[in-house]
Amino acid sequence: MLLTSLKGFTNLQQVSSERDIVEVNTEDAAFDNLRKEIEQVIKFSVLDENVIADNVIDFINFTRNATQRQGYEFEGIFVGAKANSTNQTMNITVLNFLGENSINFTIRLNTSTVQINSSILKDYNFTHSNFTFTAGDNYNLTINLPGKEYEKNITIDTRGNADVYVGFYDIALISSRATHKRTFQQTVRIPR
Amino acid sequence: MKGAYYTLEAAISAFLIIVIFSFLFLTNPENPELSRANVKNDIYKGLDTLTARGSLRADALNNNATAIQNDLDDFIPSYVYVNVTIFNKTFQNLTSTFDEKTSDTIVVSYLVSGSAGNYTPREVRTYVWGFD
C-alpha cells in the first residue's frame with residue numbers, strides 16, 4: 001500500500017516534469033517559428049523599400065496578437081535602419097513593444113560628429129529619425145534605455161553604391177513556464 | 001544443510017524485492033497530458049519540415065488548408081483527429097470554420113509572413129483531438 005502510494009506520487013512528479021520539459025520544447029519551437037518569420041519580413045518587403053518598416057511593425061503586431069490568444073506575452077524592441085547611399089541619409093525606426101506604458105530611449109550613430117536622438121515611446125508606438133552618413137563606411141548604432149541598464153550595439157555596414165536595410169530585434173516569448181529570448185540582426189540589400 | 005536453506009531463502013527474497021521494485025518504479029507512466037504535449041511537438045516538427053520543403057508557405061498563401069492537413073498526417077499519430085484552418089492578419093478565417101469537438105482539443109498556431117515580394121501574413125492553426 002505504502003509502495004503503491006509512493007509509486008503514484010513518483011509517477012505524478014515524473015509525468016509533470018516530463019510534460020513541462022516537452023511543453024517548454026514546444027514553446028521553443030513556437031518561438032523559433034516567430035523569429036524565423038519575423039526575419040523573413042524585410043526580405044519579402046524589399047522590393048518596395050517604403051513599406052519595409054511598416055511591414056515589420058505590422059507583423060510584430062500580428063505576432064503579438066496571435067501569441068496573446070495562446071496565453072503568451074510577446075515583447076521586445078525593433079530598430080530598423082534604411083541606409084540610402086544616394087542621398088546618404090539613414091532613416092531609423094524604433095518600435096517599442098516591451099509591454100510597459102512608455103520607455104525613454106536614446107539612439108546614437110557614431111559618425112564623426114555623433115548624431116543623437118532621444119524620445120519617449122508608449123507601448124506599441126514607433127518613431128522615425130533621420131541621420132546622415134557617408135556611403136561605404138561602417139557604423140555603430142547604439143540604442144540605450146536610460147535607467148534600465150539596457151544598451152545594444154547595432155553594426156551598420158553601408159555600401160558605396162547600394163542601399164541596405166538593417167533590422168535589429170530583441171524579442172521574448174513569455175509563458176508561465178519560461179521566457180524565451182533572442183537578440184539578432186540582419187542586413188538586406190535593397191535592389192534598385 | 002540448514003545454511004543452504006537460509007541462502008536459498010535470502011536469494012528468493014532478494015529476487016521478489018527486485019521484481020516488486022521493478023514493477024513499481026521502472027514502468028513508464030502514461031498520461032494523456034504528456035501525450036498531448038508530445039503531439040504538439042510533433043506538429044511543430046511537421047510544420048517546420050513542410051516550411052523547409054516550401055509547401056507550407058505556398059499552401060498557406062493559397063488558403064489550401066486541406067493540403068497542409070494531408071501533409072501533416074505523416075507526422076502525427078494515426079489515433080488522433082486533425083483539422084487545419086488558415087487565418088489572415090485580422091484573424092478572419094479564410095477556410096472552413098472549426099468547432100472544437102471536445103474539451104481535450106489542442107491548438108497549435110504557426111505563423112507565415114508571406115513569400116518573396118509578397119508580404120501576406122497568415123496563421124495556420126492546427127486543431128488535434130481524440131486523445132482518450
Side-chain angles (χ1 to χ4, degrees), chain A residues 2-48 51-52 54-56 58-72 74 177 191, chain B residues 16-17 19-52 56-57 60-61 75 86-92 106-126 128:
Chain A
L2 179 71
L3 284 173
T4 313
S5 305
L6 192 62
K7 176 186 162 61
F9 179 69
T10 313
N11 283 353
L12 204 64
Q13 282 195 321
Q14 190 183 337
V15 165
S16 170
S17 64
E18 275 184 33
R19 189 198 59 211
D20 282 348
I21 290 167
V22 176
E23 290 280 6
V24 169
N25 285 341
T26 304
E27 290 171 6
D28 259 337
F31 185 55
D32 212 37
N33 163 236
L34 308 180
R35 181 186 61 76
K36 285 178 179 168
E37 284 308 304
I38 286 173
E39 207 170 358
Q40 295 286 6
V41 176
I42 294 177
K43 294 177 191 166
F44 292 163
S45 308
V46 85
L47 292 179
D48 183 358
V51 300
I52 297 173
D54 291 343
N55 286 352
V56 174
D58 183 67
F59 193 74
I60 286 172
N61 188 34
F62 174 60
T63 303
R64 193 186 209 192
N65 291 335
T67 50
Q68 271 175 354
R69 284 162 182 262
Q70 301 163 71
Y72 301 129
F74 183 69
R177 293 181 192 85
Chain B
L16 285 174
I17 288 168
V19 167
I20 290 167
F21 268 79
S22 304
F23 169 73
L24 288 174
F25 296 107
L26 294 183
T27 50
N28 282 329
E30 285 184 16
N31 183 292
E33 282 196 49
L34 184 57
S35 168
R36 277 194 281 272
N38 279 320
V39 169
K40 253 187 178 181
N41 245 348
D42 292 342
I43 294 168
Y44 273 111
K45 281 178 190 162
L47 293 167
D48 282 342
T49 305
L50 299 180
T51 301
L56 183 90
R57 199 173 292 284
L61 296 179
F75 301 92
I86 298 171
F87 295 80
N88 66 9
K89 71 174 180 181
T90 55
F91 300 100
Q92 287 174 314
I106 59 166
V107 186
V108 169
S109 167
Y110 200 86
L111 304 188
V112 172
S113 56
S115 61
N118 177 27
Y119 168 71
T120 308
R122 290 280 187 269
E123 181 192 11
V124 176
R125 216 177 280 177
T126 306
V128 182

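Remember, it's a predicted structure, so these values are computed and weren't measured experimentally. Just so we're on the same page: letters track the sequence lines, and every chain starts at 1.
- Both the backbone and the side chain of A/Asn65 come within contact range of chain B, judged by heavy atoms closer than 4.5 Å.
- The distance from the CG atom of B/Asn41 to the CD1 atom of A/Ile21 is 11.5 Å, given to the nearest 0.5 Å.
- The backbone N or O of B/Asp48 lies less than 3.5 Å from no partner atom in the side chain of A/Asn33, so there is not a single donor-acceptor pair.
- Checked by atom type, the side-chain pair A/Asp58/B/Tyr119 shows a donor-acceptor distance below 3.5 Å.
- Most heavy-atom pairs under 4.5 Å with chain B, from the set A/Val46, A/Ile38, A/Val41: that is A/Val41.
- Expressed to the nearest 0.5 Å, how far NZ of A/Lys36 lies from OG of B/Ser113 amounts to 12.5 Å.
- Contacts between B/Asn118 and chain A at a heavy-atom distance below 4.5 Å involve the backbone alone (N, CA, C, O).
- By the 4.0 Å N-to-carboxylate-O rule, A/Glu37 lies close enough to B/Arg57 to be salt-bridged with it.
- Only the backbone of B/Asn88 comes within contact range of chain A, with heavy atoms under 4.5 Å apart.
- Per-residue counts of heavy-atom pairs under 4.5 Å with chain B were compared for A/Lys43, A/Gln70, A/Arg69; the largest is that of A/Arg69.
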Side chain to side chain contact (heavy atoms under 4.5 Å, CB included), that's the test. Do B/Lys40 and A/Glu23 meet it? Break it down for me. CA-CA 8 Å; B/Lys40 253 187 178 181; A/Glu23 290 280 6; 4.0 Å; yes

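- When all heavy atoms of B/Tyr44 and A/Ala30 are compared, the closest pair comes out as OH-CB, 3.3 Å.
- Heavy atoms closer than 4.5 Å to chain B are found in both the backbone and the side chain of A/Thr63.
- Interface summary for chain A: among B/Arg125, B/Glu123, B/Lys89, the most heavy-atom pairs under 4.5 angstrom belong to B/Lys89.
- In terms of heavy atoms, A/Leu47 sits closest to B/Gly117 at CD1-CA, 3.8 Å.
- In terms of heavy atoms, B/Ala37 sits closest to A/Thr26 at O-OG1, 3.8 Å.
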